[in-house]
Q: 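Below is a structure I'd like to ask you about.
In what follows, every heavy atom counts, from backbone to side chain, and hydrogens, waters and symmetry copies are set aside. Only a predicted model underlies this, so the values are computations on that prediction, with no experimental measurement involved.
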Amino acid sequence: MANIDKTIMSDRFEETAEQVVRRMSLCAPDTLDEVRYRRSSIILTHNYQVANIDVDLSVHKRIESSTEHKQELSPISASLDPTDWASTRAEAHKMLDISLDFLEKARDRPVWVPLPTDVRRRLLLEALPEYGKPIADVCQDVVNNVLPYSGGNTHPRFWGWVHGSGTVGGVIAEMMAASMNSNVGLCSHSGVLIERQVIEWMRQLFEFPAETGGGLIVSGTSMAAVICLAVARYHALNQVRRDGLVKLGVQLVAYSSTQTHVCVAKALELLGLGIQALRLVPVDKEYHIDIQALKNMIQEDQQQGLTPFCIVGNAGTVGTGAFDDLDALATIAKENNIWFHVDGAFGSFVILDPKRRHLIAGLSKADSLAFDFHKWLHAPYAAGCVLLREIGMLHGTFSSPRNYLVGTKRGFAADNPWFCEMGIELSRPCRALKVWFNIKEHGIIRLGQSIAANCDQAQYLASLLSKHDFIRVLTPVSLNIVNFRLEPHELNNFDPETIDIFNDEVVNDVQEQGIAIPSTTRLNERLYIRICITNHRSTLADFDLFVNAIIELCQVRVVSMNK
């Protein structure tokens with residue numbers, strides 16, 4: 001690797017990535033494949049470091065010498081407000097129009113545009129600005145280099161991951177939240193009350209206890225999982241905050257199905273329990289947790305002297321959209337005095353769809369629930385939620401009073417309890433305003449109809465794909481996720497691993513041509529193309545277009561392989 005590093009450092013990256021890789025192979029031919037695999041991280045890291053090393057070393061000297069700058073400077077002032085409000089206002093209005101055009105005309109552009117090399121360099125390799133430039137120029141940088149290369153989830157054919165599509169109301173709400181610039185971690189102001197109102201709406205929606213239920217808004221279900229599992233740990237060991245896990249000498253274990261999102265495992269790692277504390281329970285043929293297997297595992301762990309402390313149920317798995325039997329899990333948890341947590345990142349909102357509401361039977365018995373507003377409720381990123389049956393458990397887990405953080409009965413420091421006493425964050429943005437705005441603008445009935453439409457679209461897509469005998473569709477399609485696999489007859493003699501690669505390449509083709517954004521997943525040890533529909537802009541015509549494109553690209557690749 002020393003020779004490789006020497007090669008990378010040369011010519012300050014005037015070459016393309018492929019040229020660098022080929023030069024690397026001359027240094028170590030037998031490691032060409034490994035180099036290709038690692039090239040993105042190696043090249044980008046060295047590219048960034050080499051291009052900026054001189055800047056990093058001299059930036060402080062340049063700051064210190066700025067007082068000797070010959071340019072005539074304006075009188076020193078602390079204010080960062082515009083000196084010309086009229087022109088700034090005009091620029092802001094222009095950018096709002098551009099933002100609205102971006103949403104209105106989403107269908108007119110490719111779903112995703114790969115970043116050109118020159119744009120990538122501009123975004124990664126710009127020197128730290130010493131002097132500012134007009135706000136109009138900065139806005140133009142956004143229009144030229146940022147907006148055209150965004151993630152694509154505002155487009156009607158973005159179906160790769162469970163991303164919401166955003167709304168016009170969300171744009172307005174985010175603008176107003178940024179204008180207020182409130183810290184909702186503490187004190188008495190409108191942002192605090194808006195968050196409490198949204199939490200109360202969610203408590204009512206999911207039928208958590210009126211007297212004790214509550215929660216807080218966080219960045220997403222990943223953070224919500226950390227919060228909820230920390231509460232579960234405190235429930236099992238209420239001395240853990242004082243003594244720590246080592247002194248208490250108790251080995252806690254949690255249970256979830258093999259289909260559970262990785263955020264649960266990450267939460268256990270962060271909480272000091274380790275990945276081995278997570279017992280992965282087998283699933284049945286429809287990817288629901290095996291209830292009997294769970295009971296057996298709990299019993300075996302108890303006999304081994306371990307302490308089961310949490311059961312995680314899925315309200316819509318990320319892979320297939322499967323729902324665990326939440327009612328049965330609640331019963332097992334209660335019988336064993338185990339905390340029952342539900343990951344309902346997107347699937348919990350089927351409660352708004354009368355046809356599918358039965359899928360979450362038992363959810364109201366959960367001790368904690370985590371879900372996202374930025375998925376099927378389409379709030380702008382990021383907004384997730386923690387909901388608990390006993391709000392006091394959040395205080396017990398996180399409250400850390402200090403003499404510089406003291407609430408009062410009246411004045412600005414009123415409106416206790418503060419949200420910072422119920423979670424990790426002291427500095428908390430006003431995430432609730434965009435959620436509050438979306439719910440007030442559309443109402444839960446209309447939001448539920450949009451969710452139902454996505455589920456019906458999944459059925460429609462599955463029916464389109466099933467008409468072709470070389471496409472294997474994973475059934476049943478229980479919610480909004482369709483998994484399928486291309487198995488062209490011309491490739492019948494190829495091994496399954498090659499078919500996996502074939503499917504992966506077709507997905508890349510579809511993405512790079514800007515037609516649609518699907519993703520992939522592995523089920524039954526095989527790679528499947530995955531379509532996850534949480535997009536209020538999608539129409540049936542989008543799925544017709546997608547299926548036609550996927551078949552055409554499949555045929556092109558078959559011909560290419562035969563050649």
Side-chain angles (χ1 to χ4, degrees), residues 99-113 148 150-171 316 320-321 346-347 349-350 352-356 374-381 438 441-468 471 473-484 486 506-507 509-519 529-554:
S99 298
L100 297 179
D101 285 344
F102 185 75
L103 294 181
E104 182 183 4
K105 300 173 182 177
R107 187 178 294 281
D108 300 339
R109 61 178 181 268
V111 183
W112 174 67
V113 179
S150 64
N153 49 300
T154 56
H155 193 284
R157 292 191 295 278
F158 185 98
W159 306 311
W161 291 267
V162 194
H163 291 184
S165 307
T167 63
V168 170
V171 173
T320 65
F346 67 98
F349 277 116
V350 297
L352 299 178
D353 177 8
K355 273 174 50 178
R356 297 173 178 87
H374 56 234
K375 290 187 169 75
W376 242 345
L377 254 56
H378 304 289
Y381 276 87
N438 263 8
E441 180 189 4
H442 300 290
I444 60 172
I445 293 175
R446 181 69 188 95
L447 291 168
Q449 290 170 342
S450 181
I451 289 169
N454 284 161
C455 295
D456 292 340
Q457 288 166 347
Q459 298 294 333
Y460 178 76
L461 174 60
S463 69
L464 288 180
L465 294 167
S466 298
K467 293 176 182 178
H468 303 276
I471 301 179
V473 181
L474 191 71
T475 56
V477 175
S478 60
L479 198 64
N480 64 325
I481 298 175
V482 180
N483 291 291
F484 67 96
L486 303 170
V506 171
V507 166
D509 293 339
V510 175
Q511 293 175 350
E512 289 178 351
Q513 293 190 27
I515 297 167
I517 297 289
S519 61
I529 299 172
R530 175 176 172 272
I531 300 295
C532 181
I533 310 166
T534 50
N535 194 318
H536 66 83
R537 297 189 180 96
S538 300
T539 66
L540 296 183
D542 288 307
F543 299 100
D544 293 331
L545 185 153
F546 170 71
V547 172
N548 290 335
I550 206 89
I551 291 171
E552 181 179 342
L553 291 170
C554 174

Q: Applying side-chain contact (heavy atoms from CB on, under 4.5 Å) to K467 and V547, what does each step give before you reach the verdict?
A: CA-CA 11 Å; K467 293 176 182 178; V547 172; over 6 Å; no
Q: Of the non-hydrogen atoms in V162 and C532, which two are nearest, and what is the gap between them?
A: CG2-SG, 3.4 Å
Q: Residues in ring pair (Phe, Tyr, Trp, His ring centres under 6.0 Å) with W159, at least two apart?
A: F543, F546
Q: Write down the atom of A106, the atom of H155, and the distance for their closest heavy-atom approach.
A: O-CD2, 3.0 Å
Q: Parallel, tilted or perpendicular: which fits the ring planes of H374 and Y381, with parallel below 30° and perpendicular above 60°?
A: parallel
Q: Just jot down the side chain to side chain donor-acceptor pair (under 3.5 Å) partners of R109, sequence neighbours excluded, or say none.
A: T154
Q: What heavy-atom pair brings P380 and V171 nearest, and what distance separates the two atoms?
A: CG-N, 4.5 Å
Q: Passes side-chain contact (heavy atoms from CB on, under 4.5 Å), I531 versus L461? Steps please.
A: CA-CA 9 Å; I531 300 295; L461 174 60; 3.6 Å; yes
Q: State which residues pass side-chain contact (heavy atoms from CB on, under 4.5 Å) with S450; sequence neighbours excluded, sorted by chain then number.
A: H378, R446, H536
Q: Do the side chain of T534 and the main chain of G164 share a donor and acceptor less than 3.5 angstrom apart?
A: no
Q: I would like to know whether F346 and I481 meet side-chain contact (heavy atoms from CB on, under 4.5 Å); could you show each step before the answer?
A: CA-CA 12 Å; F346 67 98; I481 298 175; 4.0 Å; yes
Q: Any chance CD of Q449 has more than 12 other-residue heavy atoms, nucleotides or ligands included, within less than 6.0 Å?
A: yes
Q: Decide if atom CD1 of I444 counts as having more than 12 heavy atoms of other residues, nucleotides or ligands within a radius under 6.0 Å.
A: no
Q: Which heavy-atom pair separates L479 from A458 by the least distance, and what is that distance?
A: O-CB, 3.6 Å
Q: Walk me through whether R537 and L103 qualify under side-chain contact (heavy atoms from CB on, under 4.5 Å).
A: CA-CA 10 Å; R537 297 189 180 96; L103 294 181; 3.7 Å; yes
Q: Does the side chain of V473 reach to within under 4.5 Å of the side chain of S466, using non-hydrogen atoms?
A: yes
Q: Are any non-hydrogen side-chain atoms of N438 and L377 less than 4.5 angstrom apart?
A: no
Q: Quick one, Q457 and D542 - any side-chain contact, counting heavy atoms below 4.5 Å?
A: no
Q: Taking all non-hydrogen atoms of both residues, which atom of P518 and which atom of I529 are closest, and how far apart?
A: CB-CG2, 4.0 Å
Q: Any side-chain heavy atom of L553 within less than 4.5 Å of one from Q513?
A: yes
Q: Check the side chains of W376 and N454 for a donor-acceptor pair under 3.5 angstrom, ignoring hydrogens and angles.
A: yes
Q: Would you name the heavy atoms of R157 and R107 that are closest together and state the gap between them?
A: NH1-NH1, 3.9 Å
